[in-house]
Amino acid sequence: MVKPTKGVLSIASIAALGVLAACGTTSTPTSSSAGATGIAGCHGTITVASDMPLTGGDATDGPFPAYAAQLAVTQANANKLMGGCTLKYISKDDSTVLKNGHDPAQGAANITALAADPTVMGVVGPFNSSVALSEIPVASRNHLALISPANTNPCLTAVVAVCSDPTIAINTASLYPGPHTYFRVIASDVQQSEIDAYVAYSVLKAHTIYVFDDQEAYGRGLALLFMKYYKADGGSVVGSVSLPGATTTFSTQLSVAQSKGAQAIFFGGTTGNGCGLVRRDMGSAGMNIPLLGGDGCEDQLFITNANSGAKTSEANGSYATSAPDVTKLASSATFFSQYAAAYASLPAPYNNGTKEPYTAYGYDAMNILLHAINSVLVGNGGQPPSSSQTFRDDVVAALRQTSYDGALGHTTFDANGDTTNTGFTLYKVTNGAWVGVNTYAVDTSGNVSVKS
Amino acid sequence: MRKRLAAFIRTEPEGGPSSAGTSVFWILASSASGLLIIGWLLPWFVGPYDAGVGYSAQDALVSSPTGIGTILIYILAVAMVILFVSPFAEAFMRFRGRTFGPRADRIRLYLGIAGVVLTGVVWLLYRVLGEEPLFGSLQPGEISDSAIWLTMYGFALAALVYGARPWVIGRQTLAFGTAVLPFGIFLPLMFHQAPDFLLWAAGSLAIYMLLALGLNVVVGFAGLLDLGYAAFFAIGAYACASFASPIHNIHWPLWILIFLGAAIASLFGAILGAPTLRLRGDYLAIVTLGFGEIVPDLATNNVFNLTGGPNGISGIDQPHWGFMDFSESPRWYYWSLLLVSIAVIVLLYNIERSRVGRAWVALREDEVAAAATGINTTTTKLLAFAIGASVSGLAGAFYGSLVTVVTPDDFSFSVSIAVLSIVVLGGIGNIAGVILGAVILTFVIFWALPNMDAWSTTLSSTVHIPALANINFSSYTYIIYGLALILMMLLRPGGLLPSRARRIELESAGESESLAAVQGIA
Amino acid sequence: MALLELDSVTKRFGGLLAVSNVSFSLDRGEILSMIGPNGAGKTTAFNCVTGLFPITSGQIRLDGVSISGLPPHRITKLGIARTFQNIRLFAFMTAVDNVMVGAHWWMKERVWDGAFQTKRARSEERSVQQRALSLLDQLGLSRYAGSYAREMPYGLQRKLEIARALATQPRLLLLDEPAAGLNSHEKVELMQLIARLRDEGLTILLIEHDMRLVMEVSHRIVVLDHGEKIAEGSPAEVRTNPRVIEAYLGTGASEATRSA
Amino acid sequence: MSDQSGTPGAAPGGTGGRTGAVTLVDQGNLGPRTSEGSSFFGAVTPIFRFLYSLISKNFGALLLALIVLSIFGTFLQGGATLMGNQIKNALVLGAIYALVAIGYTMVYGIIELINFAHGDVFTVSGFYAIFIANTLHLNSLATSSFGGLLLALAIVFPLSMIAAGLTGMAIEFVAYRRLRDAPRLAPLITAIGVSFLIEGVMLVREGPDYVTTGQASWINGTAFTIGKVAVGYTDLFVVGTALLLMFALGAFVQRTRLGKAMRSTAQDRTAALLCGIDINRTISATFFIGSALAAAAAVIYSINYGDVKWNIGFRLGIIAFTAAVLGGIGNIVGAGVGGFLIGLIYVFGGSLIGGAWSEALIFAILVLILTFRPVGLFGVEVTTRA
């Protein structure tokens with residue numbers, strides 16, 4: 001496993017890359033070079049940070065966006081994005097050995113520590129919704145910007161119908177004792193579940209469905225939302241079950257689903273919590289109906305797991321919706337090659353940013369933060385505002401005005417801090433690989449349409 | 001060799017029922033050394049915050065300034081080195097079979113006092129007279145202040161330990177309290193940089209210490225093994241969360257909730273304890289483990305729509321009483337927790353020495369004889385469960401309020417194990433030991449393990465051993481943790497600071513049979 | 001009325017009849033000894049009386065009120081204290097604490113009294129401790145008051161167990177082989193102690209193998225064999241009872257005595 | 001410490017200065033005392049006792065009734081097909097639990113230690129099996145022909161069992177042997193430490209995700225169908241192998257010298273020692289056999305499911321332990337039966353009241369057994385001594 005704190009690595013090579021990037025690649029917006037002249041005389045230290053689960057069970061996901069964020073900082077330093085000011089980067093790990101992964105208490109402790117440092121102007125993170133619940137109040141109280149690359153729980157930013165469901169029970173207002181300083185560059189589960197429901201009912205033509213979830217905040221929320229929209233579309237949910245992430249066999253519930261005549265299975269949750277295993281057990285049970293999952297299922301591990309059973313091509317024909325495949329976007333090509341160059345010395349799989357869907361999100365989140373800071377400096381005559389609090393408030397205000405073209409495409413934020421860059425692609429496993437079928441968008445009134 | 005080692009380790013005169021012996025002396029002496037060295041190296045430790053800031057003495061030596069400060073710094077450095085080395089030197093001498101005389105103690109007392117005074121003078125020179133050259137490029141209110149505080153404390157502690165050695169050995173508990181309390185109270189004032197982070201760490205330390213103190217009642221005092229202790233922690237935390245959050249729209253103040261949390265948890269302690277009364281030690285362990293797994297399961301499944309399911313309960317209130325705004329800084333939590341911890345420690349200490357405490361020991365030693373001597377084994381056991389659980393409920397209430405989110409994941413088996421490890425590591429049945437265990441283990445879990453990578457990188461660049469930077473400690477946390485548990489039990493089953501009775505007991509005797517087994521009903 | 005009555009008490013372990021239909025009674029102030037070969041069911045009878053074993057059938061009455069089925073601590077409260085054949089002290093408690101445990105059942109100190117060290121707790125602790133120390137003193141144990149029970153010499157551990165039993169303020173004391181493992185000097189002391197307890201009005205039920213001690217202190221003797229009562233009477237009567245001799249010495253011996 | 005029936009007067013000697021003759025016996029307390037007690041509890045206690053003994057004596061019957069009822073409930077819920085499918089699922093799961101449970105029960109029987117690391121021995125054996133299969137290229141061999149399959153099984157079973165057995169012996173030697181006479185707390189904590197250690201090593205070596213074994217492809221196809229329930233060859237293999245191993249173990253323990261040594265050591269270690277039995281060797285052998293069975297379970301598991309993950313052993317271990325307790329800990333046959341019963345409870349409970357509650361249900365059963373019938377279904381209530 002990896003230690004992002006040691007990404008100092010070959011500073012020279014990264015710096016060289018950054019200079020290269022400055023010489024006219026797409027990921028460096030023109031505004032920075034213009035600003036750099038104005039802020040060359042900038043005095044002081046500006047710190048940005050990331051907070052991800054880096055160790056334990058979350059080591060498969062968290063380090064990627066953290067590395068990507070660090071890359072963004074290294075490049076900004078090489079480009080002198082902050083002019084004469086020193087730009088520092090702190091990487092925080094919100095996992096503890098007690099939880100063997102992300103720990104809300106550790107996350108809150110990290111944000112408290114970061115907020116206490118007057119030079120910290122923003123944090124990229126957290127990765128997990130449960131950690132977000134403990135970090136958002138601290139960040140809000142300290143006026144500190146928090147940009148998540150991976151939180152999809154809708155109730156973190158805005159009140160939607162399911163927030164009051166007793167199994168979700170998030171009171172959004174109570175999360176913000178101060179200003180609304182939380183943003184995210186990933187679309188929330190509301191849009192995804194609307195699209196999932198549409199896909200299940202109208203594309204896969206399944207009119208009865210059995211729903212699994214993995215008893216975690218993300219999976220449970222997605223499943224609940226899915227069921228709501230699926231029923232609204234006219235489908236009928238023949239049964240649903242929450243199974244702990246440690247579940248190793250799903251045959252009992254699949255037998256129930258089979259006897260109830262489900263025409264499809266929906267899984268709300270992550271591959272690590274059994275998405276692929278459900279598909280595997282469907283093979284053993286001889287169920288030839290589609291499996292549909294959310295973005296938590298769309299990864300290579302799903303295919304490996306699904307094919308690990310008696311049928312070695314069981315994964316074929318599974319569906320999952322996920323954010324548009326970043327690796328396929330033209331805008332991300334430069335980023336992934338820079339990532340690969342900068343982290344070539346890391347052990348696999350961390351030397352390849354495409355191995356994890358959230359890598360590019362971490363990169364864009366950090367770049368958006370850095371550019372917001374830059375625009376504050378520029379707007380303030382090339383110097384940081386006198387008080388730390390004013391500086392932070394200005395950064396948040398600048399973030400609201402974000403209009404950024406990065407690896408993910410064009411990102412702006414709405415009033416709740418949600419990205420407007422939404423849209424989900426339906427993927428299908430064909431010949432042992434995820435292949436995009438169609439990309440769908442959903443409008444404000446919930447109508448799903450194929451996005452060009 | 002072995003004999004000498006044994007003679008060195010044997011810390012108290014034969015025969016007396018004293019509990020911790022001179023271990024307290026050694027702990028305090030080495031703490032003084034530790035504080036002095038930490039004071040010296042603090043900027044290096046704190047890493048990310050250091051930018052251009054260094055500790056006075058170190059900087060002074062490096063930048064060889066002029067003026068009166070320089071001389072003071074050199075004197076301080078000598079005093080520091082002597083006092084830092086002295087406990088190790090003394091231990092080595094003892095090991096060789098010789099002792100330092102009272103003169104050595106006196107010298108060290110004077111050194112300690114001189115150290116306190118001189119450090120004060122240095123601080124005044126710097127803060128009041130602004131003698132800049134002394135410190136190189138210091139900025140006010142930063143790490144150097146903390147370093148100076150720590151150094152002064154280290155000197156004062158050394159003065160206390162060596163100046164009042166007989167008193168420290170004779171009244172260990174009192175001496176320990178006297179030495180540690182001021183540190184606890186002034187901690188928030190000692191640190192200027194990143195105080196919140198430190199206080200947060202101290203807060204979670206206090207929470208785990210409370211948990212361990214509660215578990216110590218059950219495991220240490222009454223001898224009932226509980227592997228599902230996190231269940232009561234969860235109950236306390238969820239109780240607090242339910243009554244101080246938007247989930248049911250009830251907003252009661254924290255000071256009511258800590259009592260409520262304690263009461264509810266103790267009620268559950270008694271209820272869950274009841275079916276286990278007849279069970280033998282390891283069966284008891286397994287049943288409690290079962291409870292420990294059921295409670296988070298219920299929370300995840302949102303039983304009676306009370307617990308909010310897998311998301312848990314979020315948006316928990318943080319109190320705001322007058323100028324005490326708990327949400328503004330963890331320092332108010334820190335001081336409240338300090339107060340509560342002291343109260344709990346005093347109460348448990350009293351209980352241990354009262355009728356109930358004696359009854360627990362009797363029960364632990366020989367349940368049959370205890371019953372035949374008129375002790376109601378049922379109520380005595382239930383009382384242990386209830387009191388143990390109530391302390392953990394209290395800790396849970398604080399946890400919920402501090403973190404503002406409680407989720408079922410927060411109360412997993414590994415939490416129970418961590419708390420049990422604290423008790424075992426520190427010394428089963430000994431309150432001082434449990435406190436020490438909590439300090440060490442929370443330091444390891446929440447600070448050392450997460451920062452191991454950063455430290456090894458720093459160290460590798462300092463001592464130029466690149467291999468160090470490549471060791472990836474964070475992935476070995478499980479292994480380190482497991483090894484520590486095994487080695488602990490094999491090498492020192494009584495813990496670091498064992499209560500004397502429990503130590504001999506753990507090293508030799510078997511388990512007493514239960515009354516139920518004798519009566520043939522279990 | 002008798003203090004303690006055993007009315008056809010039977011205790012069965014699976015197929016084994018440990019105590020079978022035993023009846024006898026004890027008057028106030030009396031010392032009754034129970035003798036019999038090993039495995040005769042004496043200790044089982046003790047365990048039945050003190051509530052450690054639930055009895056299979058029959059009745060045990062104290063002051064005419066049935067105590068069968070009561071838990072051990074309730075029986076202790078009613079005034080029956082005991083010692084154990086294989087000393088069961090609280091090994092890692094000091095001698096004085098061991099004795100103080102005996103006073104627990106009537107102490108008024110509650111958890112919160114202890115926790116907050118109220119006046120009641122302190123004064124009660126003090127008086128109980130004083131009482132315990134004086135008990136130790138009178139049994140010649142004061143030197144060991146602060147030592148762990150397991151660090152005391154064997155003979156003194158037996159005495160400490162008696163002190164603990166006395167601290168429960170018994171009306172009836174059950175001594176299970178108190179002389180076992182004692183040297184002759186200690187036995188004499190024990191005999192004097194028993195005599196003194198009798199003089200102070202305590203009723204004693206004694207299991208003992210040392211016949212000299214039994215014959216000297218007992219008012220009456222009950223003989224058990226294979227769980228059954230085979231004889232009861234004054235020491236002199238029991239000594240000459242042929243069934244007793246048979247039980248102790250085997251069939252041949254009884255023939256021999258008869259013919260002698 | 002609440003009830004204070006029959007409190008005598010004040011503390012003898014009053015507070016402080018005592019006067020008069022020094023006595024050993026408190027004269028004031030020689031009179032009759034009444035056992036007042038609380039009348040409510042006095043009245044209720046017998047009812048509780050009666051209920052307790054009623055449940056305790058009929059625990060097995062109650063449990064069976066519960067299982068039968070839930071099977072019937074499943075029949076009502078989804079007809080014979082669902083019921084049949086679930087019975088099949090339960091037997092497959094139960095077979096694995098049973099094999100793991102036997103390891104717990106053997107170790108407990110002989111040294112009265114809950115070997116917390118046993119579940120992790122199971123997991124680690126899964127990785128051994130993967131390693132062996134990959135190193136020797138068994139996957140292609142096994143899927144090539146029936147003979148190849150048999151050969152592959154004949155290689156992978158004994159090798160992983162020996163590897164796991166040695167692991168078990170090493171664990172015993174390092175972590176438990178020195179603590180054999182210590183009170184239970186000490187070895188229990190070491191056991192937890194060993195469990196963490198093994199999990200940590202697996203986490204570092206194998207990563208945090210499911211690792212595919214490839215063995216699930218060895219056996220496939222439907223053997224026969226009853227109604228609409230298709231029974232696969234894998235299902236038959238899993239249950240058949242488990243039963244075979246259990247019978248082999250039973251015969252071993254009954255017939256062989258070592259087996260007899262184990263039984264006598266379990267009954268009375270001192271006596272066994274006096275009879276000239278090498279206790280250390282016997283205990284090592286017990287660990288070897290218990291771990292080897294866990295390995296067999298792991299091979300079966302990976303042939304059935306095809307995935308192993310570093311921490312699957314923990315929960316599975318606790319459930320298997322419940323099975324061992326259910327059957328009466330120390331009782332090998334009991335553990336086998338207990339495993340299948342737990343499999344039934346897990347599956348039918350999950351099918352009827354929702355899978356979210358399956359584990360809570362298992363733990364609840366664990367608590368109930370230990371409360372009402374700690375000796376297990378097949379244990380005999382014995383009093384310890386006369």
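This is a predicted model, so every value here is computed, not measured. Naming convention: chains lettered A, B, ... in sequence-line order (proteins, then strands); numbering from 1 in each chain. Note that these values count all heavy atoms, side chains included, but never hydrogens, waters or copies made by symmetry.
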Worksheet item: Can you tell me if CZ on C:Arg120 sees more than 12 non-hydrogen neighbours from other groups inside 6.0 Å?
Response: yes
Discussion item. Rounded at 0.5 Å granularity, tell me how far CE in C:Met93 sits from CD in B:Glu365.
Written reply: 7.5 Å
Fill in: C:Ala91 versus chain B, the contacting section by heavy-atom distance below 4.5 Å
both
Response to the item:
Distance col, row B:Thr379:OG1 vs C:His73:NE2, nearest 0.5 angstrom, shows 6.0 Å
Worksheet item: Can you tell me if CZ on B:Phe268 sees more than 12 non-hydrogen neighbours from other groups inside 6.0 Å?
Response: no
Item to complete: Compare every heavy atom of C:Thr168 with every heavy atom of B:Thr373, then report the nearest pair and how far apart it is.
Response: O-CG2, 3.7 Å
Discussion item. If you count heavy atoms of other groups shown closer than 6.0 angstrom to CH2 of B:Trp167, is the number above 12?
Written reply: yes
Fill in: Closest non-hydrogen atom pair between B:Ala369 and C:Arg164, with its separation
CB-NH2, 3.8 Å
Fill in: Within 6.0 Å of CZ in B:Phe259, more than 12 heavy atoms from elsewhere
no
Item to complete: Measure from the side-chain N and O atoms of B:Arg355 to the backbone N and O of C:Glu109, and report whether any donor-acceptor pair falls under 3.5 Å.
Response: yes
Item to complete: For B:Asp366 and C:Phe90, work out which heavy atoms get closest and say how close.
Response: O-CE2, 3.6 Å
Worksheet, complete the sentence: Ranking C:Thr83, C:Thr50, C:Val111, C:Leu89 by heavy-atom pairs under 4.5 Å to chain B gives rank one to C:Val111
Worksheet item: Once you round to the nearest 0.5 Å, how far does CD of C:Glu125 lie from CZ of B:Arg353?
Response: 11.5 Å
Discussion item. Shorter than 4.5 Å, heavy atoms on both sides: which option in C:Arg82, C:Glu161, C:Met100 has the most such pairs with chain B?
Written reply: C:Met100
Discussion item. Looking only at heavy atoms and a cut-off of under 4.5 Å, which of B:Val346, B:Asn350, B:Leu348 has the most pairs with chain C?
Written reply: B:Asn350
Item to complete: For C:Pro72 and B:Ala372, work out which heavy atoms get closest and say how close.
Response: CB-N, 4.4 Å
